[in-house]
Amino acid sequence: MAEKEKKLLEEDLYKPVKEYLVELGYDVKGEVRNCDVSAVKGDTFLVVEMKTTLNLDVILQAVLRQRIADIVYIAVPKKGKVLFTRRWKNICHLLRRLELGLLLVSFKQDKAFVEEAIRPQPFDRGKSIKLSSAKRRLILEEFSKRHGDYNVGGSTGKKLITAYREQALKIAAFLESNGSLSIKQLKNMGTDPDKTASILQDNFYGWFERVSRGVYRLTDKGREEIANYRKNGLV
């Protein structure tokens, strides 16, 4: 039976982190008044907080160290699979926002390697907003196109009423009440002049059925959906 892999401890990170900083010209000491790693180069005071997992505890520790240090890093073991998760990317954004640095420590047999994943530097919020301008635009467009507030904030595992679904429900309600209708008739009744035709033709939800050119009626599935939404006061 293969020997069980030794559990990595925070103190295992110290030697490679110290060697990395010494190569950068710092004088380094461990555990100075609760700072995991303290390093000085000229007038620059640098602190590194170490953890085996990048979590809120170490982020809070690092933020507190910013009160006393010029530069603050967090050092954690490098875990390949974690680096590609959405959670990891979000945490990295948080570190940049907080102007914290990140060191990743890799262990291979008797050797250890340190790489700077995030350099601590002033966060440019304007640039960050600009990079997310397309997402912001989509959210505001969706907001403006919804005519009611049908979703409960914080809901999970429930069907959400999007602007698209809201328009589809409006079309379905008119078809339920009036039977088969043309696209022109639906628009005259107040459905979206730009979206009505595409919603009917695409039939994303399977609610509609074409009976002749430009004329549609409600399917059995559509009637069931309308009944469910009406039961919940959404139609």
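One is the number of the first residue; the rest follow in order along the sequence.
- To the nearest 0.5 angstrom, Leu175 atom CG is 5.0 Å from Leu186 atom CG.
- Closest approach of Lys79 and Thr53 over heavy atoms only: NZ-OG1, 3.8 Å.
- Contacts of Arg125 classified as side-chain hydrogen bond (donor to acceptor under 3.5 Å, both in side chains), with partners at least two apart in sequence or in another chain: none.
- Residues satisfying the ring-ring contact (aromatic ring centres under 6.0 Å, His included) test with Tyr164, not counting sequence neighbours, are Tyr205.
- Following chains of ILVMFWY side-chain contacts shorter than 4.5 Å, one can reach Phe174 starting from Phe204, so the two form part of one hydrophobic cluster.
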Full working for side chain to side chain contact (heavy atoms under 4.5 Å, CB included) between Leu54 and Ile74: CA-CA 8 Å; Leu54 183 52; Ile74 293 172; 3.9 Å; yes
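- At distances below 3.5 Å, not a single donor-acceptor pair connects side-chain atoms of Ser132 with backbone N or O atoms of Lys135.
- Here CD1 of Ile59 is found 7.0 Å from CG of Asn55. Values are rounded to the nearest 0.5 Å.
- Although no hydrogens or angles enter the test, the distance criterion places no donor-acceptor pair under 3.5 Å between the side chain of Glu49 and the main chain of Leu60.
- Residue pairs meeting the ring pair (Phe, Tyr, Trp, His ring centres under 6.0 Å) criterion with at least one partner in residues 182-203, sequence neighbours excluded, do not occur; the list is empty.
- With hydrogens and angles ignored, the 3.5 Å screen pairs a side-chain donor or acceptor of Glu99 with a backbone N or O of Phe123.
- Closest heavy-atom contact between Ile161 and Arg165: CD1-CD, 3.8 Å.
- Other members of the hydrophobic cluster containing Met50, listed by chain and number, are Leu8, Leu13, Tyr14, Val17, Tyr20, Leu21, Val22, Leu24, Tyr26, Val28, Val37, Leu46, Val48, Ile71, Tyr73, Leu103, Val105, Phe107, Val114; membership follows side-chain contacts under 4.5 Å among ILVMFWY residues, whether direct or relayed.
- The shortest heavy-atom contact between Ala172 and Ile226 is CB-CD1, 3.6 Å.
- Transitive grouping of hydrophobic side chains (ILVMFWY, heavy atoms separated by less than 4.5 Å) brings Leu94 and Val58 into a common cluster.
- Not a single side-chain hydrogen bond (donor to acceptor under 3.5 Å, both in side chains) links Arg97 to another residue, sequence neighbours left out.
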Worked check of side chain to side chain contact (heavy atoms under 4.5 Å, CB included) between Leu181 and Ile171: CA-CA 10 Å; Leu181 293 170; Ile171 293 170; over 6 Å; no
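- Partners of Arg137 according to the side chain to side chain contact (heavy atoms under 4.5 Å, CB included) rule, which considers only residues two or more places apart in sequence or in another chain, are Ala134, Glu141.
- For the pair Asn203/Glu209, no side-chain contact is recorded, criterion being any heavy-atom separation below 4.5 Å from C-beta on.
- Shown here is Lys41, whose NZ atom has more than 12 heavy atoms of other residues, nucleotides or ligands within 6.0 Å.
- Side chain of Asp57 to main chain of Gln61: no donor-acceptor pair is present (N/O by atom type, distance under 3.5 Å, no hydrogens or angles).
- Between Val72 and Pro120 the shortest heavy-atom distance is O-CB, 4.2 Å.
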Verdict with reasoning, Trp207 to Leu169, per side chain to side chain contact (heavy atoms under 4.5 Å, CB included): CA-CA 9 Å; Trp207 296 353; Leu169 283 168; 3.6 Å; yes
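- With rounding to the nearest 0.5 angstrom, the OG atom of Ser38 is 9.5 Å from the NZ atom of Lys29.
- Residues passing the side chain to side chain contact (heavy atoms under 4.5 Å, CB included) test with Val215, sequence neighbours excluded: Ser180, Ser182, Val211, Ser212.
- Proximity of a side-chain donor or acceptor of Asp70 to a complementary backbone N or O of Phe45 within less than 3.5 Å is detected.
- Separating the OG1 atom in Thr219 from the CD atom in Glu225 is a distance of 9.0 Å, to the nearest 0.5 Å.
- Take Gln167 and apply the side-chain hydrogen bond (donor to acceptor under 3.5 Å, both in side chains) test, not counting sequence neighbours, and it matches no residue.
- With a 4.5 Å cut-off between side-chain heavy atoms of Ile, Leu, Val, Met, Phe, Trp and Tyr, the cluster of Phe113 takes in none.
- The pair Arg119-Glu116 counts as a salt bridge, with a side-chain nitrogen and a carboxylate oxygen less than 4.0 angstrom apart.
- Residues Glu10 and Lys51 are paired through a salt bridge, judged by an N-O separation under 4.0 Å between the basic side chain and the carboxylate.
- How far CG of Leu100 is from CD1 of Ile91: 12.5 Å, rounded to the nearest 0.5 Å.
- Listed by chain and number, the hydrophobic cluster partners of Ile139 come to none, as no ILVMFWY side chain reaches under 4.5 Å of it.
- No salt bridge links Lys170 with Glu166; every basic N to acidic carboxylate O contact stays at or beyond 4.0 Å.
- We find the CG-CG distance between Leu64 and Asn34 to be 11.0 Å, quoted to the nearest 0.5 Å.
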Evaluation steps, side chain to side chain contact (heavy atoms under 4.5 Å, CB included), between Leu104 and Leu83: CA-CA 11 Å; Leu104 298 179; Leu83 301 181; 4.2 Å; yes
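- Using a 4.0 Å cut-off between a side-chain N of Lys or Arg and a carboxylate O of Asp or Glu, Arg223 and Glu176 do not qualify as a salt bridge.
- Counting only residues at least two apart or in different chains, salt bridge (charged side-chain N to carboxylate O under 4.0 Å, His left out) contacts with residues 187-204 are absent.
- The same ILVMFWY cluster, assembled from side-chain heavy atoms under 4.5 Å apart, contains both Trp88 and Phe84.
- A distance-only check finds no donor-acceptor pair linking the side chain of Arg210 to the backbone of Gln201 [under 3.5 Å].
- Counting heavy-atom neighbours within 6.0 Å of Asp220 CG, excluding the residue itself, gives a total of 12 or less.
- Residues that satisfy the side-chain hydrogen bond (donor to acceptor under 3.5 Å, both in side chains) test with Thr191, not counting sequence neighbours, are Thr196.
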